[in-house]
Every structure is written in C-alpha cells, then in structure tokens.
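Naming: A, B, ... by sequence-line order, numbering from 1 per chain. Note that the structure is predicted; figures quoted are calculated from it, not measured.
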Protein chains: 2
Amino acid sequence: MRTQVVTIHDVARAAGVSPATVSRVFNGGRVTPERAQSVQQAAAALGFAPNRLARSLRKQRSSVIALIIPDIENPFFTSLARGVEDAAQRTSLSVVLCNSDEDTDKERRYLEVALGEQMAGVIVAAASQDDTDLGPLIARGVPVVAVDRRPHDAEVDAVRADDRHGGEVATRHLLQAGYRRIACITGPEGASTSEERLAGYRAALHAARSNGAVADDAYVRHADFRVEGGRAAMRELLALPEPPDAVFVTNNLMTIGALDALDEAGRTPPGVGVLSFGDVPWASLVRPSLTAVELPSYELGRAAADLLLQRMEGGTAPLQTVVLRTTLQIRESTAGPVASD
Amino acid sequence: MRTQVVTIHDVARAAGVSPATVSRVFNGGRVTPERAQSVQQAAAALGFAPNRLARSLRKQRSSVIALIIPDIENPFFTSLARGVEDAAQRTSLSVVLCNSDEDTDKERRYLEVALGEQMAGVIVAAASQDDTDLGPLIARGVPVVAVDRRPHDAEVDAVRADDRHGGEVATRHLLQAGYRRIACITGPEGASTSEERLAGYRAALHAARSNGAVADDAYVRHADFRVEGGRAAMRELLALPEPPDAVFVTNNLMTIGALDALDEAGRTPPGVGVLSFGDVPWASLVRPSLTAVELPSYELGRAAADLLLQRMEGGTAPLQTVVLRTTLQIRESTAGPVASD
DNA sequence: TTCAGGGGTGAAATCCTTTTCACAAGCAGG
DNA sequence: CCTGCTTGTGAAAAGGATTTCACCCCTGAA
C-alpha cells in the first residue's frame with residue numbers, strides 16, 4: 001500500500017514545464033494552449049489530484065464551508081442542510097456538516113476546527129445563545145451567518161423565522177378554537193427560538209386574559225427540543241391538578257413526545273388541542289392531522305447560504321438579519337375542546 | 001477586521017524559546033516543566049490556535065474523518081451518523097458529514113475532497129455499487145470503511161446488515177400471516193441493499209410457491225429509496241389488474257410513501273399487509289403500528305467507526321466484513337388479510 | 001579523569017501549493 | 001534601430017506547522 005503522491009512537481013517534470021505553469025493551468029493563469037494541453041495530459045496520466053491542504057494553506061482559505069447544527073436527527077435541520085447544500089452546489093464550495101448535539105463543548109470544538117482548517121465560511125445554528133463564541137472566527141475575518149438561532153451578542157449576519165410572531169399566531173388560534181387552559185412546552189432557556197416562541201405565546205395569552213384565558217407559568221415547561229423532553233413535559237402537565245386543555249409545543253420533536261404522552265394517558269387531539277411549531281416529520285401519517293406553524297426550513301438554509309456566499313464575495317454591506325415568515329396550517333388537532341371536557 | 005494570525009513563531013518569541021519547543025509542548029515532546037508552562041501561558045495570552053492545515057500538511061494526515069451518506073433526510077442515516085460520532089468522540093478526531101444525495105457525481109466530489117484534504121479516514125455508504133470509486137483513497141493508504149452499502153469490488157472493510165436474510169424473514173412472515181400476492185418495492189438497482197433484500201424476498205417466495213404464493217416480477221418495483229418513489233410504486237401496484245394483498249418495502253422512507261398511497265386508495269393495513277425494512281421514523285405515531293425489520297442503524301455507525309479507528313491505528317489484520325443482525329418486529333400492519341379480501 | 005549515554009534545545013528541512021518577481025521574447029510605434 | 005508594452009515563463013519566497021539532526025550539558029560508570 002504505497003502512498004505515492006503525485007505532486008505538481010511530478011506533473012511539471014512530465015510535461016517539461018515548471019510547477020508554476022502547472023499551477024497556472026489549473027487556476028486560470030495565462031499559458032499557451034499547447035503547453036496547457038500537455039500539462040493536462042501529464043496530469044491525467046499521472047492521476048494528479050491537487051493537495052488541498054497545501055493550496056488552502058497558501059491561499060489562507062479553504063474551499064469548504066461548515067454548517068454546524070444542534071441536532072442532526074431533527075428533520076428540520078436536515079432540511080435546512082439541504083437548503084444550504086443546494087445553494088452551495090452552484091459554486092465550487094463543498095459543505096461539511098457538524099453536529100453539535102446541543103452541546104456547547106462539542107460546538108466549540110467544531111468552531112475550532114472551522115477556524116483551524118481555515119474554512120471559507122461558517123453557518124451556525126447555535127447550541128446556546130450565550131456560550132457560543134463566534135469571536136475568533138469573526139476576528140479572523142471568516143464570514144459567519146447565524147441561522148435559526150441567534151447567538152446573543154455576536155456581530156453576524158442572521159437568518160431566522162419570525163418566531164415570536166408565529167408563537168403569537170399559534171396561541172391566538174388555540175384561543176379562538178375555544179381552548180382556555182393552554183400550556184406551552186418550549187425549548188432550553190438558552191435558545192433564542194425557545195424564548196421568542198414562548199414570548200409570543202405569553203403575549204397572546206396576556207392579551208386574552210379578559211377573555212377567560214389562563215396565563216399561568218405553571219403551564220410553561222422548558223424541555224430539550226427532543227422527543228423524550230416533550231414526553232416528560234407533557235406527562236407533568238397532565239399530572240397537574242387542573243391539566244391544560246391544549247398545548248403549544250415549540251418544536252416538532254417535542255410534539256412527537258407530547259403526542260405519545262397524550263396517547264399514553266388516553267387523551268387525543270382535538271379533545272386536548274395540540275399545536276406544533278414546525279412541521280412534524282411525515283405528518284401525513286399522523287391521525288388526527290396536526291395543526292402546525294410551518295417553518296421554512298429549506299429556505300432558511302438556502303437564504304443563509306446565499307447570504308454567506310454574498311459575504312464571501314466581499315460584500316461590505318452592513319450586517320443583515322433576514323426574517324422569514326412562518327404560516328399557520330390549521331388541521332384537525334385544534335378543532336376545539338369537546339363539550340364535556 | 002484584521003486577520004492577525006498568531007503563529008507558533010509568535011508564541012515562541014513571547015515565551016523566549018524556539019518554535020520547535022512550542023510544537024513539542026503541544027504535541028507531547030520532552031520539555032522542561034517550567035518552560036512548558038511559560039509556553040502555555042504565552043499561547044493563552046496570545047490566543048494561539050494552531051493552524052490545522054499546516055499541521056496536516058506536514059503530518060500528511062488531518063484529524064478529521066469524513067462520513068459520506070446518500071440521504072441526510074433519512075433518519076436511518078442520521079442515526080448511523082450518531083453512532084459514528086459517538087465512537088469518534090472518544091478520540092481527538094472530528095467527524096464531518098457529507099451528503100451525496102444518491103448522486104454519484106456529488107459523491108465523487110466529496111471523495112475528492114476527502115482525498116485532497118488528506119482526511120484521516122473515510123466511512124462511506126456508497127451511492128452506487130459500481131460507480132463509487134474508492135481506488136484513489138485506498139491507493140493513497142487512507143483507511144476506508146464501507147457501511148450499509150457495499151461498493152462492488154472495492155477492497156475495503158465493511159459493516160452491513162444481514163439484508164438478504166432480513167428480506168427472507170420478512171417475506172416468510174407475510175406468507176405465514178396468510179398473504180399470497182406479496183409485492184416488493186425495493187431501491188435502485190445499483191445499491192447492494194436493494195438487491196440483497198430483494199433476493200431474500202425472492203428466495204422466500206420461491207420456497208413457498210407450492211403453497212400458493214405468487215412469485216411474479218410484475219409485483220416487483222424498483223424505486224429510489226425516497227418517499228415519493230414509494231408512493232409512485234405503490235400506486236402502480238394498486239393499479240394492477242390483480243393488486244397485491246401485501247407489500248414488502250425495502251426501506252423506511254418508501255414505506256411512508258406506500259402508506260400514503262394506500263390511504264389515498266382507501267386501503268389500510270393489515271387489509272393490505274405492509275412490512276418495512278428499517279423502522280419508520282417516529283413509528284409510535286403510526287396507526288396501525290407497523291411491522292418492521294429493525295435495522296441497527298446506530299450500531300452500524302458505531303461498528304464502522306470502531307473498525308476505522310482500529311485500521312487507523314495501524315491494524316494490519318486482513319479485511320473484515322462485519323454483518324449485524326436485523327430483527328423482525330411484528331406489529332399490527334401484518335395481522336393478516338381480511339377474510340373478504 | 002574519561003567516556004558513554006541520554007535529555008533538552010534550536011536551526012533548518014520538509015510538506016505542496018500559490019504567487020510574486022524578474023526576465024526574455026515578440027511586437028508596435030516612433 | 002530603439003523604446004515601451006504585453007505575454008509567457010521559471011526561480012524562489014511564502015504559508016505555518018512538525019520533525020530530523022546536530023549539539024550541548026549533565027550524570028553515571030569504568
């Protein structure tokens with residue numbers, strides 16, 4: 001298993017030119033056509049593949065961009081990743097995905113990798129609002145775009161959904177459907193999406209107080225954006241002396257858990273209203289069908305990548321925050337409480 | 001936005017030593033404790049982060065491994081990715097994920113990246129049995145492990161499931177449940193998993209011919225391992241003059257599509273038996289519950305990573321193929337055809 | 001006292017490209 | 001015929017780490 005590497009020197013020698021010329025052939029310098037051709041031939045014959053490390057080292061910039069997401073098992077993020085990929089596809093950049101697992105340590109390591117590997121750009125859905133430190137990347141001049149979640153005080157371009165507004169619309173819908181004791185299962189306290197969606201929920205409830213709506217923090221649960229967390233939170237809510245008659249769950253996976261817990265307790269929507277922020281994966285299989293705030297996951301990725309590419313091309317426009325709209329899809333799970341309940 | 005990079009030289013100067021000594025401090029060479037400490041301090045003070053490109057260039061090997069998967073939106077692969085990550089976690093290696101999207105061109109590009117970036121190792125679930133060329137990586141001495149799908153004639157370690165056996169067991173179960181016109185929706189012709197699961201299905205049917213089972217290739221459909229493909233294939237099957245009374249679908253996403261198509265046609269399991277190879281994501285929400293061949297996705301990733309790490313540590317053992325067992329989980333969707341059907 | 005051996009150190013080579021710089025040749029215009 | 005420009009080219013520097021090699025100093029054994 002010989003590790004015989006073919007370098008630009010070998011190609012140069014074979015083609016009877018200097019390494020500089022070979023480099024120019026591959027990078028669009030001026031070379032006479034015939035010479036270029038003989039270089040091409042030599043390279044092909046020898047099976048030359050440029051050493052990207054050397055290239056990146058010299059150019060001070062590699063040709064891959066990193067996408068750091070907090071949960072690779074959440075279809076929302078994989079769809080977002082597709083958006084990023086498709087946008088990057090049109091350039092010569094490759095996308096590598098890093099899964100921080102909602103763990104700021106893992107995330108830090110990946111950020112270090114991105115910095116140390118001189119990646120051309122970074123798109124990050126931050127694991128934490130506070131502990132995600134984009135400083136080194138920014139100081140080094142690496143373009144960074146925050147997507148979905150916004151790190152607290154970082155000076156970066158951002159692409160996100162209108163979380164607060166979505167939360168408000170969702171909660172108003174539950175109120176209109178006749179639910180009164182509306183609970184909220186939201187994500188970890190550090191995440192901007194958690195907070196904003198919760199804020200929207202609170203605002204809607206607050207506005208409807210005179211209407212008999214119950215605004216009580218006993219109905220608010222912070223979980224971890226995962227199935228298990230949603231299940232546990234829902235169990236807790238169902239165990240309250242006066243259980244909620246509806247629940248607004250701020251992410252898709254937790255909704256799955258919540259539905260499981262409901263099922264376990266023998267309750268089903270819309271007897272207990274269930275509204276998910278973000279579509280549940282393969283929602284078509286779920287009965288009754290789920291009302292959800294539709295989150296433009298793919299477009300978020302797409303927009304983030306576009307913004308990044310723009311920035312990489314040297315755009316000096318002031319920092320932007322792009323906010324994408326969510327839309328409420330009303331389905332069966334929020335048809336209203338049953339009379340006897 | 002100054003790109004002031006702190007190099008090992010700067011640290012050396014600040015600590016009053018040579019760059020070689022700084023390198024030794026970070027890589028475990030012999031250095032007197034006090035000197036080591038002053039280097040640490042200088043590095044911390046300057047915010048030194050080693051340039052991983054330079055390091056990898058010199059060492060001829062980077063410290064990231066690539067995992068190339070064909071569909072990032074398939075929970076099977078994301079779970080597998082978790083397995084790989086968790087195994088790599090215990091080392092100093094980082095995992096980057098590349099999504100080939102079942103596209104051999106995209107896959108080729110990622111393989112080039114892996115080669116050009118001198119990645120420490122590659123785990124690949126090949127998009128194609130024939131067009132996936134691992135040759136250059138292998139020639140270069142990069143450890144490679146094939147997972148789930150096996151490229152045709154590549155000389156690599158492999159980790160996969162007992163696809164053929166699983167397919168046979170699944171089909172036998174459908175036969176025992178009383179189904180007779182059993183269709184099979186399988187994946188693209190190039191993929192080893194498609195072929196093997198199909199082979200298992202055929203073997204089981206063949207063995208049961210005397211029993212009234214119909215073994216007819218009109219009941220076999222090749223699709224693309226995605227939801228849409230499964231839906232389209234199921235529609236075709238339902239449009240046959242004599243539609244099948246059960247279907248064995250060789251992957252999870254296609255099963256979702258098939259269920260959609262059944263629903264659309266007003267048919268439901270177990271009236272039409274449905275058996276999925278690979279668990280459907282969040283199967284707990286699906287009614288009736290689905291019989292499935294459970295695929296040890298996480299363990300496949302884990303085992304592949306372990307094998308890779310072993311190989312990277314210079315194991316010179318002969319090439320291995322690890323086959324992990326699948327288990328049939330019998331649930332409601334294959335309870336047997338209704339009498340009138 | 002001398003010599004062997006080993007630990008700690010720095011200078012310099014090395015990894016492989018890209019890019020700068022200098023130079024030569026060719027050509028047009030004066 | 002000479003100047004000035006444009007092109008094409010190769011030598012060499014640069015990018016930032018690791019690693020080899022030579023060296024010094026010290027200890028322990030002969």
Reading 5' to 3' through nucleotides 12-18 of chain D, protein heavy-atom contacts under 4.0 Å coded B for base, S for sugar-phosphate only, - for none = -BBBBBB

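- The salt bridge (charged side-chain N to carboxylate O under 4.0 Å, His left out) contacts involving residues 9-18 of chain B comprise B:Asp10-B:Arg13, where partners must be two or more places apart or lie in separate chains.
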Going by atom type alone, with no hydrogens or angles, which donor-acceptor pairs under 3.5 Å involve a side-chain atom of residues 56-66 of chain B and a protein atom two or more places apart or on another chain?
residue	atom	partner	partner atom	Å
B:Ser56	OG	B:Arg52	O	2.7
B:Ser62	OG	B:Val64	N	3.3
B:Ser63	OG	B:Arg52	NH2	2.8

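- The stretch residues 110-117 of chain A has no heavy atom under 4.0 Å from DNA chain D, so no residue of it qualifies as close.
- Contact check, B:Thr21 against C:dG10: a side-chain N or O comes under 4.0 Å of OP1 or OP2.
- Straight-line distance from the CZ atom of A:Arg30 to the P atom of C:dG26: 18 Å, rounded to whole Å.
- The side chain to side chain donor-acceptor pair (under 3.5 Å) analysis of residues 118-134 of chain A, with sequence neighbours excluded, yields the pairs A:Glu107-A:Thr132, A:Gln118-A:Arg140.
- Residues passing the salt bridge (Lys or Arg N to Asp or Glu O under 4.0 Å) test with B:Arg30, sequence neighbours excluded: none.
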Side-chain atoms of residues 68-80 of chain A: list all donor-acceptor pairs with protein atoms under 3.5 Å, sequence neighbours left out, distances to 0.1 Å.
residue	atom	partner	partner atom	Å
A:Asp71	OD1	A:Glu73	N	2.9
A:Glu73	OE2	B:Arg82	NH1	3.2
A:Asn74	OD1	A:Phe76	N	2.9
A:Asn74	OD1	A:Asn252	ND2	2.9
A:Asn74	ND2	A:Asn252	OD1	3.2
A:Thr78	OG1	A:Pro75	O	3.0
A:Ser79	OG	A:Ser297	OG	2.8
A:Ser79	OG	A:Tyr298	N	3.4

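- For A:Arg55, there are no salt bridge (Lys or Arg N to Asp or Glu O under 4.0 Å) partners, not counting sequence neighbours.
- Here A:Asn99 pairs with B:Glu85 under the side chain to side chain donor-acceptor pair (under 3.5 Å) rule; sequence neighbours left out.
- At a threshold of 4.5 Å between non-hydrogen side-chain atoms, the residues B:Tyr110 and B:Leu67 do not count as touching.
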